[in-house]
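Worksheet: the structure to be examined is printed underneath.
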Amino acid sequence: MNTRSVVIGCGHYLPSRIVENSEFEATLDTNDEWIRSRSGIERRHFAAEGETTSQMATAAARAALDDAGLGADDVDAIILATSTPDLTFPSAATMVQAQLGMTKGFAFDVQAVCAGFVFALANANALILSGQATRVLVIGAETFSRIMDWTDRSTCVLFGDGAGAVLLEAQSGEGTAQDRGILSTDLNSDGRHRDLLYVDGGTSTGTVGYLRMQGNQVFRHAVGKLAATATTAMERAGVTPEDVDWVVPHQANIRIIQGTANKLNLPMSQVVVTVQDHGNTSAASIPLALSVGRDRGQIKQGDLLVTEAIGGGLAWGAVVLRW
Ligand SMILES: CC(C)(COP(=O)(O)OP(=O)(O)OC[C@H]1O[C@@H](n2cnc3c(N)ncnc32)[C@H](O)[C@@H]1OP(=O)(O)O)[C@@H](O)C(=O)NCCC(=O)NCCS
């Protein structure tokens, strides 16, 4: 018998304000056609004034708990992947803990930018497999609209806000790739690429800062690294692309998603795509895609999923799981 971390609930939250590409035409030298053709993005959600990452994360977590039919005190730990916490500290995860009314257990943030949810899933899995937790809420939540330079057309049209969550539970499996739950993980980072994607603020400047990105350089790294990490994770799980039902990629750019699927030899009909409606929501994008994909009827219990993501750091990784 093997312990497996099985998804027993998921949910998401999107702020109500939807911004279409055409809205940027009033203030920037850009247009809907450019944004759509270069990125696949058509619209994104932006948080309301005063709406924070922890509030959106709490809404997504509540939806995941409701989906599982459980309450906050049934959970041992909360791991929140975010690069846009409400404050430098305490962690946004502890704010979610309080907002959920959870009076026991522990909570912390994971910061691996757009790869954050994959890193958080791997950490949650390690806690479960080592017996330190039985149920872990894993959340990705971001308000990237707060770190945009609204005069920089090469970045501000690409990102959005939102949150998604899954609830993992320790269950026993047979130790085969037929088990439900997380079957393998693969994490990587390479700090030499820091200047490709970063925020120019923090304790070194005393400001929050703005996102800066050399988009075409990030693009150059993305497809190869994503295909490699997904392949490594599949090998570790003992599965091949033919076994995969759904790729659930980080939603940054449709061309990266297509290029990676192509390299993995998987058709786009087996890829969950939400980038057109959400833009790049960084660590929130994979749990949003999982929840939306499930609601659309794409992802069903027993399906084999590969998730993969890359972001600032650079940091990248993949998780293979059976839903
Ligand atoms: C950002 C991205 C969409 C840009 O597409 P691209 O084809 O690489 O375009 P480039 O950056 O080479 O820019 C091409 C031209 O478009 C212009 N441009 C940039 N943003 C624009 C916009 N919003 N509207 C119109 N033109 C724009 C550039 O200024 C450049 O003009 P120039 O040739 O006169 O200098 C693309 O590089 C990308 O998606 N990269 C990956 C980013 C990413 O996913 N990051 C997150 C990882 S988590």
Side-chain angles (χ1 to χ4, degrees), residues 19-44 81-84 110-120 140-145 147-162 164 187-191 193-200 210-227 229-230 248-261 271 273-276 278-289 307-318:
V19 174
E20 301 287 339
N21 288 345
S22 53
E23 279 199 40
F24 292 101
E25 293 173 8
T27 52
L28 289 170
D29 180 14
T30 190
N31 56 71
D32 175 47
E33 198 327 271
W34 191 95
I35 301 168
R36 220 177 257 254
S37 63
R38 305 313 292 163
S39 72
I41 298 164
E42 297 172 23
R43 60 194 64 82
R44 73 287 291 139
T82 188
S83 299
T84 47
V110 161
Q111 213 277 53
V113 203
C114 297
F117 188 75
V118 166
F119 277 61
E142 303 279 16
T143 40
F144 263 50
S145 62
I147 53 167
M148 288 296 114
D149 174 353
W150 298 110
T151 66
D152 178 8
R153 67 177 182 173
S154 72
T155 54
C156 73
V157 302
L158 300 175
F159 294 88
D161 302 335
L187 305 181
N188 311 268
S189 53
D190 185 345
H193 301 301
R194 168 196 125 135
D195 291 343
L196 300 188
L197 180 49
Y198 65 100
V199 170
D200 62 1
Y210 295 121
L211 181 145
R212 305 294 177 199
M213 177 169 73
Q214 297 176 39
N216 47 14
Q217 294 299 314
V218 175
F219 202 109
R220 222 169 44 79
H221 285 278
V223 172
K225 286 183 163 54
L226 289 171
T229 186
V248 187
H250 169 48
Q251 312 280 323
N253 184 309
I254 191 67
R255 293 184 294 143
I256 294 176
I257 294 171
Q258 286 163 339
T260 308
V271 182
V273 179
T274 56
V275 69
Q276 69 280 6
H278 301 165
N280 183 346
T281 57
S282 193
S285 92
I286 289 177
L288 269 168
T307 67
E308 29 92 342
I310 186 166
L314 295 174
W316 67 103

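Counting convention: from 1, in listed order, for ligands and their atoms alike. Note that the coordinates shown come from a computational prediction; the quantities given were computed from them, not determined experimentally. The figures here come from the full heavy-atom set of this structure, side chains too, leaving out hydrogens, waters and symmetry mates.
- No hydrogens or angles considered: a donor-acceptor pair under 3.5 Å links the side chains of R44 and N21.
- Every protein residue with a heavy atom nearer than 4.0 Å to ligand 1 is included here: D29, T30, W34, R38, C114, R153, S154, V157, L158, M213, G215, N216, V218, F219, H250, A252, N253, R255, I256, N280, I310, G311.
- The shortest side-chain heavy-atom distance between E142 and S83 falls under the 4.5 Å cut-off.
- Residue F117 holds its CZ atom at 11.0 Å from OG1 of T281, rounded to the nearest 0.5 Å.
- Side-chain contact annotation: R255 with Q258, donor-acceptor N/O pair under 3.5 Å absent.
- Note: F24 and W150 have parallel aromatic rings, judged against thresholds of 30 and 60 degrees for the angle between ring planes.
- The pair D149-R212 meets the salt-bridge criterion, since a charged nitrogen lies less than 4.0 angstrom from a carboxylate oxygen.
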